[in-house]
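Owing to the predicted nature of the structure, the values given are computational and were not obtained by experimental measurement. Each chain gets a letter, A, B and so on, in the order the sequences are listed, and its residues count up from 1.
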Number of protein chains: 2
Amino acid sequence: MRVSVLVVILTIIEEELRVLLIHRSAEPYLGWWALPGGLLLPSESLADAAARKLVEETGVGDVYLEQLFSFDDLDGEVGSVAIAYFALVDSRRVRLRTEAAWEPGWFGVKDLPELAFANAKVIDYAIARLRNKLVYTNVAYSLMPETFPLSDLQAVYESIFGRAFDKRNFRRRMLSQGIIKPTGRTISRGAHRPAELYEFSSRQPMTL
Amino acid sequence: MRVSVLVVILTIIEEELRVLLIHRSAEPYLGWWALPGGLLLPSESLADAAARKLVEETGVGDVYLEQLFSFDDLDGEVGSVAIAYFALVDSRRVRLRTEAAWEPGWFGVKDLPELAFANAKVIDYAIARLRNKLVYTNVAYSLMPETFPLSDLQAVYESIFGRAFDKRNFRRRMLSQGIIKPTGRTISRGAHRPAELYEFSSRQPMTL
DNA sequence: CCAAAAGTGTTCGGCTTACACCCATGT
DNA sequence: ACATGGGTGTAAGCCGAACACTTTTGG
C-alpha cells in the first residue's frame with residue numbers, strides 16, 4: 001500500500017494563473033509533465049510531506065497550504081493512494097530549481113500540456129477550491145507581497161476568476177469584509193496619481 | 001504504510017442527529033466507542049471501501065456518501081493514514097447488526113461518549129460539511145423516504161442545525177431552489193388538515 | 001365545536017450590482 | 001496640456017428574515 005502526496009502549486013505570473021509542473025523521471029509516463037509529489041516518508045505527517053515538496057520545488061515555506069482531496073486512481077497502480085494539497089505562492093519569492101533534472105516550469109492553467117495520470121482533474125479541483133476561498137477568506141495573502149496597491153489585488157482576483165470586476169465594488173467588498181486595511185503609505189508607478197498601499201489584516205489562514 | 005477508511009454514518013432518530021459508533025475490538029482503545037472503519041483492501045477503491053463498511057454496518061447501500069478529509073493522526077501509529085467519509089442514511093431502512101461483537105449503536109451528536117483517537121474531531125468535521133451542503137444541495141434526500149410532508153423535511157433540517165426555521169421561508173427556499181416538488185398526493189396524520197406529500201426532484205447527488 | 005398541524009403573502013433591511021466622473025501625477 | 005491609472009457615491013434589484021391568520025381535519 002503506497003501513500004504519496006501531490007501538490008498543486010499555484011501562482012500568478014503576468015496576470016495569469018499558473019501551476020507548477022515537472023517532468024516525470026520514472027515510468028510510467030516517463031518524461032511527461034506532471035504535478036510534483038512523492039512518497040510519504042515514514043516519519044512525517046501529510047502536511048509536512050506537502051510542505052517539504054513545496055520547499056523542494058520553490059524554496060518558499062510560509063505560504064497557504066491546504067489539503068484538497070485524496071485519490072486512488074492517480075498512478076494506475078492498485079492500492080495506491082495519493083493525498084493532494086494545494087499551495088499559493090507569490091512568484092516573486094520563488095526560485096525554481098531550473099538546474100534540476102525534472103526541469104520544473106510554470107504553465108498557464110488554460111494552456112496545459114498533456115499531463116500524466118489524471119493530474120488535470122486535480123488541478124481543476126484546486127482551482128475550484130481556490131475560487132471559493134477567495135470569496136470569503138483572506139487566502140490571497142499568499143499570492144501577494146506585504147503591501148500592495150488595491151489594483152494589484154484586483155488584477156489577481158481577475159486572473160483567477162477570468163473576468164473583470166468593478167473597482168468600486170471590489171474595494172468595498174475587500175474593506176467591508178475586513179480582509180485588507182490601508183497602511184497610510186502610497187506608491188508612485190508612472191504618470192498618474194499614486195496609489196494607496198494596503199496590507200492584509202492577517203496573514204494567517206482564516207479557520208472559519 | 002497503512003491506509004484505512006473511516007465512515008461517519010449520520011441519521012435522524014427522534015428528531016435528533018445521531019452518529020453510528022461501534023466498540024473497538026482491538027488495542028489500542030480496546031472496548032472504547034469509535035467510528036466504524038478498517039483497512040483498505042488491496043484491490044478496492046477508497047469509495048468502495050467506505051461503501052462496503054457502510055453496508056456491513058447498516059445494510060443500506062444506495063445513499064449519499066462523500067469523502068471528508070484525510071487524517072494522519074488518528075491511530076497513533078506513525079505513517080498511518082485514514083481517509084474519512086461521511087454517509088447519510090434513512091434510519092427507517094437501517095438494520096444494525098446488534099448481534100455483532102462490536103455492538104453498534106446510534107449516539108446523539110450532542111451527547112457523545114468518550115471516543116477513541118481523535119474521532120470526535122472527525123464527527124465535528126462531518127457535521128460542519130453536512131450543514132453546508134444542506135443549504136445549497138439536495139443531500140437531505142438520503143435522510144428521507146421517497147415522499148414526505150414538508151414539515152418532516154423541516155424537522156430534519158432543524159435537528160441538524162439545532163434551531164427552528166420559519167415554515168413559510170423554509171417552504172419558499174426549498175421550492176424556489178427546485179430541490180423538492182409536490183407529488184399531488186396528501187397524507188393524513190391526526191386530527192388536523194392533511195399534508196401535501198413532496199418528493200426530491202432528484203435523488204442523485206448534485207455535482208455542482 | 002375544539003384542538004392541532006397545514007398552508008399562505010407581505011414588508012423591511014441589507015447586500016450585490018451597475019454605472020460615470022474627478023483627482024493626482026509624470027512627461 | 002494631456003495621458004494614465006487612482007479614487008469616489010448612488011440608485012435599483014434581489015434575497016433573506018420576520019411576522020399572523022385562515023384552512024382542514026379527527027375526535
>> Quiz question: by atom type and distance under 3.5 Å, do the side chains of B:R172 and B:N169 form a donor-acceptor pair?
In response: yes
> Just checking, is any N or O donor in the side chain of B:R185 or B:Y198 under 3.5 Å from an acceptor N or O on the other one?
Replying inline: no
>> Once you measure the plane-to-plane angle for B:F161 and B:Y157, does it fall in the parallel (<30°), tilted (30-60°) or perpendicular (>60°) bin?
In response: parallel
>> Tell me which pairs pass side chain to side chain donor-acceptor pair (under 3.5 Å) where either residue lies in residues 140-150 of chain B, with sequence neighbours left out.
In response: none
Using the side-chain heavy atoms of [X], tell me which of these nucleotides is nearest: [options].
X: B:R168; options: D:dA18, C:dT8, D:dG9; result: C:dT8
X: A:A191; options: D:dC19, C:dT25, C:dA5; result: C:dT25
X: A:P194; options: C:dT25, C:dA18, D:dT24; result: C:dT25

> Does NZ or CZ of A:R173 come closer than 6.0 Å to the centre of the six-membered ring of A:F165, within 45° of the ring's axis?
Replying inline: yes
Rounded to the nearest angstrom, tell me the gap between atom [atom1] in [X] and atom [atom2] in [N].
X: A:I187; N: C:dA24; atom1: CD1; atom2: C1'; result: 15 Å
X: A:N169; N: D:dC14; atom1: CG; atom2: P; result: 16 Å
X: B:Q177; N: D:dC15; atom1: CD; atom2: P; result: 11 Å
X: B:M174; N: C:dA6; atom1: CE; atom2: P; result: 16 Å
X: A:R173; N: D:dG9; atom1: CZ; atom2: P; result: 19 Å
X: A:F170; N: C:dA18; atom1: CZ; atom2: P; result: 16 Å

> Is the phosphate of C:dG7, meaning OP1 or OP2, less than 4.0 Å from a side-chain N or O of B:R171?
Replying inline: yes
>> Which residues in residues 148-167 of chain B have a heavy atom closer than 4.0 Å to any atom of DNA chain C?
In response: B:S151, B:K167
> Under a 4.0 Å N-O cut-off, is there an ion pair linking B:E158 with B:R163?
Replying inline: no
> Are A:E56 and A:R52 within salt-bridge range, i.e. N to O under 4.0 Å?
Replying inline: yes
> Within the structure shown, what part of the strands sits under 4.0 Å from B:R172 by heavy-atom distance: base, sugar-phosphate, or nothing?
Replying inline: base
> So which one's nearest nucleotide on DNA chain C is more toward 5', B:E196 or A:H192?
Replying inline: B:E196
